[in-house]
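For reference, the structure is listed below as structure tokens.
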2 protein chains.
Amino acid sequence: MERSTRQRTLIAGLLARAERPLSIAELLALGRAELPGLGQATVYRTVRELVESGELHAVEIPGAAITYERAHHHHHHFHCRRCERVYEVEGCPPGLTALTPAGFRLESHEVILHGLCAGCSA
Amino acid sequence: MERSTRQRTLIAGLLARAERPLSIAELLALGRAELPGLGQATVYRTVRELVESGELHAVEIPGAAITYERAHHHHHHFHCRRCERVYEVEGCPPGLTALTPAGFRLESHEVILHGLCAGCSA
DNA sequence: GTGCATGCAAAGGGTTTGCACGCGC
DNA sequence: GCGCGTGCAAACCCTTTGCATGCAC
């Protein structure tokens, strides 16, 4: 059974409200705004536990800091090379099974799109 | 103009011969076997320069160490969760443009497949 | 009262940087 | 002879860990 402390609730709440994935540093800064004295170890520990419990999902874009988002439906990401923002992308490309070599068992996949977002390509 | 020193040639050669992407630690170990006294800073510096010059490509699989491979044709990767090996996958899934939100400009993409390779699924 | 999450600070691992040496042209 | 790449070691993140405190039950 999970204990629900003030810090844990705060961190989970920050990510629930966030409109984009947040990094550890952002969580720490935002968290301290509401709970001064919040320790960084607590943020690291809490995030790790939430990831392991499946409540959070790590977003690891090569070249960008690792961020975390609430695990909800399956989706992918679009990374804007100009503003660096990460957008959620709905849906999956078809034909992934066709890429899988013979004899391999495909269990999951990730797709990362790179380019310019609407604002930055204008 | 690129200078071609012994160390640089050695590192590029190791990756040219490798049948799978290599990590910095592996490059250092393999390199020292042929050139004792090879410094790790040299490996880091050389790999970074080769990546920037486009000769190498970083393979960043979440949860695995970053490895490097020679940049050749466009391809994707299959990561076996049991033996941890990374395999090259030929071809791209169709329909990536359809995933891209309206107004966004898609420039490149990455696909990472996870599962079990032929050996590990047997 | 007891136990466990917390905060602080130190340790740890991987990567980068500073600098004097010395190889290669 | 000169310059730049190199090796060593220290510096630098970012993350984890140890431990004493104190809140929550």
Side-chain angles (χ1 to χ4, degrees), chain A residues 1-16 18 20-69 79 84 86, chain B residues 1-16 18 20-69 79 84 86:
Chain A
M1 180 58 191
E2 279 289 331
R3 286 176 58 147
S4 183
T5 63
R6 185 141 176 228
Q7 287 81 352
R8 182 179 299 262
T9 306
L10 170 59
I11 292 170
L14 285 171
L15 281 159
R20 61 184 181 82
L22 299 177
S23 67
I24 295 284
E26 290 168 330
L27 282 171
L28 182 60
L30 292 171
R32 278 188 170 156
E34 295 185 35
L35 194 68
L38 176 66
Q40 62 170 359
T42 302
V43 177
Y44 277 105
R45 275 186 289 238
T46 305
V47 167
R48 176 152 42 94
E49 287 159 20
L50 291 173
V51 167
E52 284 169 1
S53 77
E55 196 168 331
L56 289 187
H57 183 239
V59 180
E60 312 189 33
I61 308 283
I66 296 181
T67 55
Y68 299 88
E69 67 185 359
H79 181 229
E84 296 283 305
V86 173
Chain B
M1 180 58 191
E2 277 290 328
R3 287 176 60 147
S4 183
T5 65
R6 186 139 175 230
Q7 286 81 351
R8 181 178 301 259
T9 306
L10 169 59
I11 293 170
L14 285 172
L15 282 159
R20 62 183 179 83
L22 299 177
S23 67
I24 294 286
E26 290 168 332
L27 283 171
L28 183 59
L30 291 171
R32 278 186 170 158
E34 295 186 34
L35 195 69
L38 176 67
Q40 61 171 359
T42 301
V43 177
Y44 277 105
R45 276 187 289 239
T46 305
V47 166
R48 176 151 42 95
E49 288 159 19
L50 291 173
V51 168
E52 285 168 1
S53 76
E55 195 168 333
L56 289 188
H57 183 239
V59 181
E60 312 189 31
I61 308 283
I66 296 181
T67 55
Y68 300 88
E69 67 185 0
H79 181 228
E84 297 284 304
V86 173

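A note on names: the letters A, B, ... follow the listed sequences, proteins ahead of strands, and every chain is numbered from 1.
- In this structure, CZ on B:R45 lies 13.5 Å from CG on B:L50, to the nearest 0.5 angstrom.
- Proximity of B:T42 to the phosphate of D:dT6: no side-chain N or O atom is located under 4.0 Å from OP1 or OP2.
- Rounded to a whole Å, the CZ atom of A:R48 is 12 Å from the P atom of D:dT15.
- With rounding to the nearest 0.5 angstrom, the OG1 atom of A:T46 is 9.5 Å from the CG atom of A:L10.
- The shortest distance between the side-chain N/O atoms of A:T5 and the OP1/OP2 oxygens of C:dC4 is not below 4.0 Å.
- Computed from coordinates, the B:R8 CZ to C:dG24 P distance equals 15 Å when rounded to whole Å.
- The CD-P distance, from B:E49 to C:dT15, rounds to 16 Å in whole Å.
- Across all strands, B:R45 comes closer than 4.0 Å to base atoms (heavy-atom distances).
- Here the P atom of nucleotide D:dC23 and the CG atom of A:L38 are 16 Å apart, to the nearest Å.
- OP1 or OP2 of D:dT15 lies within a sub-4.0 Å distance of a side-chain N or O belonging to A:Y44.
- Here CD of A:E55 is found 11.5 Å from CD1 of A:I11. Values are rounded to the nearest 0.5 Å.
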Using distance only, find each side-chain donor-acceptor pair of residues 20-37 of chain B under 3.5 Å and give its atom names and separation, not counting sequence neighbours.
unit_1, atom_1, unit_2, atom_2, d
B:R20, NH1, B:E26, OE2, 3.4
B:R20, NH2, B:E26, OE2, 3.2
B:S23, OG, B:E26, N, 3.2
B:S23, OG, B:E26, OE1, 3.4
B:E26, OE1, B:S23, N, 2.8
B:R32, NE, B:L38, O, 2.7
B:R32, NH2, B:L38, O, 3.0

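- Look at CD on A:E52: it is 13 Å from C1' on D:dT16, rounded to the nearest Å.
- A pairwise comparison of heavy atoms in B:Y68 and B:L15 identifies O-CD2, 3.0 Å as the closest pair.
- Computed from coordinates, the B:L10 CG to D:dT6 P distance equals 11 Å when rounded to whole Å.
- Here the C1' atom of nucleotide C:dG7 and the CD1 atom of A:I11 are 13 Å apart, to the nearest Å.
- In the set D:dT6, C:dC8, D:dT15, the nucleotide with an atom closest to the side chain of A:A41 is C:dC8.
- In this model, the phosphate group of D:dG7 is approached by a side-chain N or O of B:Q7 to a distance below 4.0 Å at OP1 or OP2.
- To the nearest angstrom, P of C:dT15 lies 12 Å from CD of B:E26.
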